[in-house]
Amino acid sequence: MRSIDRKSLEKALETYRVLDEDGNLVGEEPSISDSTLVKMFEYMVRARVLDEWLLKLQRLGKVAIHAPNKGQEAIVGAVMPLRPEDWVFPSYRDLGVYLVRGMSEEEILDRALYNEDDPLKGSDFAIYGNRKYNMVPTPVPVGNQIPHAVGVAYAMKYRGEDLVTMVMFGDGATSRGDFHAGLNFAGVYRVPVIFVCENNGWAISVPFERQTRSPSIAFRGLAYGVDSIRVDGNDVLAMYTVAKQAIERARKDKEPYLIEMLTYRLGSHTTADDPSRYRSEEEVREMMRYEPLKRFKRYLVDKGLITESEADELYRRYSSYVEEAAKKALNKSPLPRDIFFYNVYSTLPWNLKMQLEEFREAIKTIEEFGLEVD
Amino acid sequence: MRSIDRKSLEKALETYRVLDEDGNLVGEEPSISDSTLVKMFEYMVRARVLDEWLLKLQRLGKVAIHAPNKGQEAIVGAVMPLRPEDWVFPSYRDLGVYLVRGMSEEEILDRALYNEDDPLKGSDFAIYGNRKYNMVPTPVPVGNQIPHAVGVAYAMKYRGEDLVTMVMFGDGATSRGDFHAGLNFAGVYRVPVIFVCENNGWAISVPFERQTRSPSIAFRGLAYGVDSIRVDGNDVLAMYTVAKQAIERARKDKEPYLIEMLTYRLGSHTTADDPSRYRSEEEVREMMRYEPLKRFKRYLVDKGLITESEADELYRRYSSYVEEAAKKALNKSPLPRDIFFYNVYSTLPWNLKMQLEEFREAIKTIEEFGLEVD
Amino acid sequence: MPVMNMVQALNLALREEMERDDRVVVLGEDVGRRGGVFLVTEGLIDLFGEERVIDTPLTELGIVGFSIGLALYGLRPVAEIQFIDFVYEAFDQIYSNMARIRFRSGGMYTVPMVLRSPCCGGIKGGMHHSQSPESFFIHSTGLYVMMPSGPYDAKGMLKTAIRLDDPVIFLEPKSIYRVIKEEVPEEDYTIDLGKGKVVREGGDVTVVTWGAMVHLANQAADFIKEKLGVELEIIDLRTLYPYDKDLIIESLEKTGRLIIVHEAPKILGLGAEISAYIAEEHVDLLYGPIIRVTGYDTPFPLAHEKLYMPNVARIYNAVKRSLEF
Amino acid sequence: MPVMNMVQALNLALREEMERDDRVVVLGEDVGRRGGVFLVTEGLIDLFGEERVIDTPLTELGIVGFSIGLALYGLRPVAEIQFIDFVYEAFDQIYSNMARIRFRSGGMYTVPMVLRSPCCGGIKGGMHHSQSPESFFIHSTGLYVMMPSGPYDAKGMLKTAIRLDDPVIFLEPKSIYRVIKEEVPEEDYTIDLGKGKVVREGGDVTVVTWGAMVHLANQAADFIKEKLGVELEIIDLRTLYPYDKDLIIESLEKTGRLIIVHEAPKILGLGAEISAYIAEEHVDLLYGPIIRVTGYDTPFPLAHEKLYMPNVARIYNAVKRSLEF
Ligand SMILES: Cc1ncc(C[n+]2csc(CCOP(=O)(O)OP(=O)(O)O)c2C)c(N)n1
Ligand SMILES: Cc1ncc(C[n+]2csc(CCOP(=O)(O)OP(=O)(O)O)c2C)c(N)n1
Ligand SMILES: [Mg+2]
Ligand SMILES: [Mg+2]
């Protein structure tokens with residue numbers, strides 16, 4: 001049993017920040033190289049642009065569904081301090097994370113459109129991942145990935161490697177058994193995992209106060225013996241600083257860490273949602289004041305690392321870039337029709353072989369009569 | 001979101017007690033009537049005696065399995081302040097609880113032997129409950145009953161009744177999703193439920209430090225916004241005092257409460273267990289010093305409410321009482337052979353009717369050839 | 001009589017039952033202000049308040065475990081799982097408790113609750129917004145399982161489910177939530193547990209199916225009639241457990257040929273049980289093989305779901321094969 | 001060759017695999033110091049340390065979810081569920097992840113793990129220490145399912161399971177853990193996935209079964225031979241998915257009569273699938289009905305479990321009925 005000291009409690013109940021909502025320094029300035037700072041901003045812009053394009057493609061009926069990330073772009077700060085060999089289990093709302101890990105806009109679009117180049121072979125919607133980037137595709141059932149990340153971290157420690165695992169999930173996910181088990185195992189086995197809870201105030205229509213009466217998610221982390229901190233999650237510098245420390249400690253001391261990222265979802269839950277049913281426009285307008293891009297841009301402009309017009313240019317550049325990429329992705333062929341028979345087992349068991357025959361007969365009939373099915 | 005004050009934290013991290021291990025007052029003496037005090041002791045003795053008898057019957061091959069309660073008898077203190085109309089979800093190790101709720105030794109034996117008078121009709125082993133006493137039979141999967149208790153408490157509040165629900169479970173059970181969901185719902189909906197975690201240091205062979213790295217179960221309760229306290233669970237006066245307050249508050253203010261009862265399992269996990277594989281005899285001998293009966297007896301003797309020889313007599317009286325009851329229970333008939341077809345649905349669906357036919361044919365064959373089956 | 005879609009009919013059933021009986025409460029993720037992601041519970045919170053229309057934290061285990069408690073105390077909870085694909089966290093509570101408390105308690109305690117949820121494919125929902133897990137509930141024993149195929153049945157069946165003393169899994173094929181419109185009486189009516197319905201008469205081949213597949217079967221029947229001059233008799237089971245064996249036997253007595261169509265994977269889909277039942281008790285009625293047209297034994301895919309699911313071509317092929325005997 | 005019971009054979013398999021391959025780790029409740037409640041993992045912690053023989057907190061969801069992570073990273077976890085009756089908390093992790101990560105990731109990630117657990121009845125274990133839930137895993141798709149019926153097979157099959165790249169559910173009939181003793185080589189051998197075994201030859205009726213029921217069927221066969229002069233051919237499936245259809249067909253070609261015996265409830269027990277498969281693809285081989293002798297469609301009872309389970313009388317009656325045709 002561990003005791004709880006005053007300092008741990010404060011970290012779990014107060015909110016760590018570096019910049020205020022206008023981009024003024026209010027905490028200790030982290031020492032981050034200029035190029036990293038600019039890169040960080042660029043990722044955030046790319047995430048914003050891509051988000052807008054996925055929304056557009058969804059409205060055009062090309063993309064099945066999209067979970068907007070607008071307002072939560074500061075998550076890129078949490079992943080940037082990772083090494084490529086570290087593992088990441090992203091959430092479905094983490095466009096910026098995919099980009100930082102090396103995924104291109106092209107690949108994200110191929111995935112969203114599940115065309116012939118979809119690395120996940122048309123398995124599910126609104127999820128992204130690729131072994132190439134040590135980024136495991138998100139399971140749609142909320143929270144499932146949490147204990148997986150802990151297992152991976154255990155295996156890293158077991159192998160004596162100095163790698164870490166990071167896993168993202170929402171505030172709603174903290175109510176699930178997966179969170180409970182994952183945090184508990186991480187505490188008991190002391191493994192190098194960093195939990196990032198993106199507390200955006202809402203789980204679809206359920207506000208945080210109705211999700212839990214806990215003082216904070218970070219406080220809840222302490223209840224598993226996992227050191228935890230609450231961070232202004234719209235302040236990318238705060239996110240970066242805190243994550244960097246957590247990652248270094250995990251790498252060295254094999255200690256888990258929980259970061260509660262206080263943020264706000266400015267868009268709808270997904271493109272299938274209608275937030276006007278449960279929250280006011282005023283709330284959203286008010287929260288726009290705290291959004292992460294504007295704030296960070298101010299800091300960069302004040303620091304002389306970027307000008308307003310350079311920032312605008314960046315946005316425009318990526319917009320045309322994604323437009324091109326979308327055109328290309330839309331022109332690709334669909335996946336083979338029998339794709340879903342593969343990747344269930346490493347080889348086809350006899351019942352799947354028989355069913356594949358039946359499937360081929362059906363295709364013949366479809367073609368014979370020119371039936372419309374797909 | 002709630003804030004956490006110093007006092008809540010202390011309660012959750014320190015250990016409330018009234019008597020020391022020798023029965024000396026070390027805390028504020030609760031005002032409990034003499035007759036209640038003696039009754040409390042009597043329940044503890046009855047639990048101890050019944051425990052010994054169930055062990056004996058198991059060794060004789062009459063009882064399938066038994067989960068000894070030796071060392072945890074102070075749990076009776078938690079239930080005594082309840083009203084009969086309040087609901088209880090006991091754990092499987094709670095002989096004293098069953099007795100306080102009004103179950104007789106006879107009924108417990110009928111249940112353990114699943115004879116014709118078994119109120120649970122031979123459904124499962126080592127569980128006890130009866131609607132008559134508002135005590136729901138324990139599900140064998142550890143922790144399942146926790147969210148049920150929260151639902152019952154919600155229904156009580158919904159109906160505007162001033163009743164409360166109490167639910168018991170072990171330290172191991174706190175690792176399950178049921179605990180996580182139950183505590184969280186209780187916090188969010190503020191329902192009159194009292195959680196009693198019997199932290200006896202072990203979940204079979206897994207010691208508490210390996211079950212969780214949490215500072216305490218009570219601390220974990222706070223992380224759900226549920227007020228929580230840690231109590232010396234071998235001190236029946238402490239248990240009574242704390243439970244009484246929690247019950248009154250729940251009744252009045254509809255506030256949940258968690259009591260972490262720090263105790264120790266002196267016997268084996270169940271009669272199928274062999275504790276010598278994972279813990280030392282010395283540990284058990286050492287823990288015998290803290291056992292609840294001796295301690296409470298000293299207090300009663302010092303207070304002049306009972307003499308040593310009266311206590312011995314009590315023990316002997318219940319021993320012969322249970323011996324008689326066991327004889328009677330052993331002489332009863334078994335349940336009807338087709339008992340398991342009933343109580344699945346309120347009426348038999350057609351497939352069960354057909355299967356009952358098949359069953360009757362099998363019985364005929366068994367009788368025709370004198371086959372041994374049962 | 002007003003014309004409604006299934007969402008409206010279900011909403012009406014809930015409203016009427018809540019008005020009729022204050023033991024009925026509704027709970028689940030986003031069922032309150034949001035009215036459910038498909039709006040089945042729309043407006044109920046305004047009528048009945050947040051004590052009776054309860055938004056829950058995001059845990060299916062919690063939703064079911066908590067509902068069991070409500071039901072134990074005598075309420076009649078109607079719990080929503082946002083998509084049935086997310087029910088599995090709750091499987092221990094469903095299997096070990098919802099389905100077993102009556103048995104465990106020797107009949108002293110009952111769990112009169114309904115677990116309702118959108119199910120099945122056809123909306124490009126991918127792996128986790130498309131599944132048909134009825135087999136898991138049926139094999140559990142201790143549960144009733146229902147799936148309506150249209151607004152009229154939906155209203156009557158949900159009312160039946162709410163009034164039963166035993167726990168019910170109520171599955172709603174979301175692909176036809178808004179597609180099928182029917183006249184739905186604004187009066188009280190129920191539809192008996194365990195009663196299927198012949199939705200199309202025909203003398204050649206019996207097709208047993210349920211949910212959205214009823215409409216597919218009908219479409220296939222038109223096509224097959226045109227191409228082969230063969231008449232399908234289509235049975236909509238409606239209750240999946242206990243299913244209406246008598247209706248199947250009656251039809252088989254006429255046709256001697258049986259095809260079962262369902263969206264769930266073939267292996268141990270309910271089709272297996274129906275087929276095995278016939279092969280065990282009524283093998284004499286059969287002219288040939290019992291053919292199953294089902295989801296394939298793979299996860300439900302996002303890509304090419306209409307080829308994964310039963311479709312007209314597959315039913316056509318099955319009928320041809322059935323007639324070969 | 002040493003004579004061993006199943007517990008010893010399984011223990012030996014684990015030890016050999018852990019010596020052979022340091023990716024193999026063992027985890028579960030009480031698997032360490034305690035050696036598992038049935039002692040299948042006895043002594044392993046002394047040989048391999050607590051990093052490789054991991055006592056877990058009490059959560060099946062956690063055990064499976066964490067094991068999936070280990071497997072994703074390339075280890076070969078062998079996770080124990082103390083009794084398979086407690087697996088249901090983990091069902092979401094099993095169904096939605098263990099069985100689906102390969103598919104979800106387009107084949108990029110695999111989950112080479114074994115989930116092993118004591119199962120089935122016959123020890124007076126009551127509702128929650130007796131169940132046979134293989135149907136749930138088979139219907140999940142994406143998992144292999146195995147159940148040995150003796151020490152020799154147990155060792156070889158567990159080794160096969162550990163070496164497969166796909167996830168395996170490995171069920172161990174606890175009632176025969178210590179009852180059946182056989183010679184078990186101390187050398188390395190495996191038993192192919194998907195291969196059943198004819199354990200008794202006979203020309204009259206084919207009995208398909210697995211696990212402890214293999215021994216019951218044998219007992220029944222002796223009795224039936226004596227009373228009716230009828231010879232049963234008994235097939236031990238060993239792998240439940242994908243089951244050995246060829247062996248069944250081969251036997252049916254000889255006998256034309258099929259009885260399936262299993263402990264799980266009848267409704268959607270694996271018997272249903274086997275029966276439906278034959279009724280769909282090989283109906284011409286049958287002389288009469290396919291009969292299932294199974295657990296009844298109720299929870300597993302404490303009282304009279306031997307009457308609830310298949311027994312000699314029930315198999316005898318089934319054979320008589322089968323021969324009537
Ligand atoms: C187990 C499960 N239940 C329900 C859903 C449906 N659903 C998808 S996202 C969501 C809310 C998630 O909220 P949160 O975890 O806070 O993440 P956010 O969407 O806010 O980023 C729900 C209920 C799901 N995907 N999985
Ligand atoms: C879900 C589940 N997993 C495993 C078991 C087997 N088992 C029975 S009791 C027990 C340990 C329980 O420990 P704890 O909750 O501390 O209660 P205690 O026995 O110490 O009173 C285990 C693992 C079970 N009954 N249920
Ligand atoms: Mg959220
Ligand atoms: Mg314990």
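So that the names make sense, note that chain A is the first sequence line, chain B the second, and so on, each numbered from 1. Treat the numbers as computed from the prediction; the structure is a model and nothing was measured.
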**Student:** Under a 4.5 Å heavy-atom cut-off, does chain A meet the side chain of D:Glu281, its backbone, both or neither?
**Tutor:**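 D:Glu281 touches chain A through side-chain heavy atoms alone.
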**Student:** Would you mind checking which part of D:Tyr243 comes under 4.5 Å of any heavy atom in chain A, side chain (CB onward), backbone (N, CA, C, O), both or neither?
**Tutor:** both
**Student:** Counting heavy-atom pairs closer than 4.5 Å to chain D, which one of A:Val136, A:Asn184, A:Val188 comes out on top?
**Tutor:** A:Val136
**Student:** One thing to verify: whether A:Arg83 and A:Asp162 come together as a salt bridge, which I'm taking to mean a side-chain N less than 4.0 angstrom from a carboxylate O.
**Tutor:** yes
**Student:** Out of A:Val196, A:Ile247, A:Val100, which residue meets the side-chain contact (heavy atoms from CB on, under 4.5 Å) rule with A:Val79?
**Tutor:**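 The passing option is A:Val100.
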**Student:** Answer yes when D:Asp165 and D:Arg102 have at least one side-chain N-carboxylate O distance shorter than 4.0 Å, and no when they do not.
**Tutor:**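 Salt bridge flag = no for D:Arg102 with D:Asp165.
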**Student:** Top residue by heavy-atom pair count (under 4.5 Å) with chain D, among A:Val344, A:Val150, A:Asn144?
**Tutor:** A:Asn144
**Student:** So D:Asp166 and D:Tyr144, side-chain hydrogen bond (donor to acceptor under 3.5 Å, both in side chains) or not? Walk me through it.
**Tutor:** CA-CA 7 Å; D:Asp166 295 318; D:Tyr144 294 135; 3.1 Å; yes
**Student:** Give, as side chain, backbone, both or neither, the part of D:Val64 having an atom under 4.5 angstrom from any heavy atom of chain A.
**Tutor:**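 D:Val64 has no heavy atom closer than 4.5 Å to chain A.
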**Student:** Heavy-atom pairs under 4.5 Å with chain A - which of D:Ser96, D:Pro242, D:Ala99, D:Gly142 has more of them than the others?
**Tutor:** D:Gly142
**Student:** Where does D:Glu50 contact chain A at under 4.5 Å (heavy atoms): side chain, backbone, both or neither?
**Tutor:** backbone
**Student:** Which bit of D:Gln93 comes within less than 4.5 Å of chain A, counting heavy atoms only: side chain, backbone, both or neither?
**Tutor:**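 For D:Gln93, side-chain heavy atoms alone lie under 4.5 Å from chain A.
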**Student:** Report which part of D:Ser67 has an atom under 4.5 Å of a heavy atom belonging to chain A: side chain, backbone, both, or neither.
**Tutor:**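 Answer is neither: D:Ser67 stays 4.5 Å or more from chain A.
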**Student:** What class does the angle between the rings of A:Phe89 and A:Trp87 fall in, given that below 30° is parallel, 30 to 60° is tilted and above 60° is perpendicular?
**Tutor:**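 Aromatic pair A:Phe89/A:Trp87 classed tilted.
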**Student:** Are A:Asn134 and A:Pro84 side-chain neighbours, meaning at least one heavy-atom pair lies under 4.5 Å?
**Tutor:** no
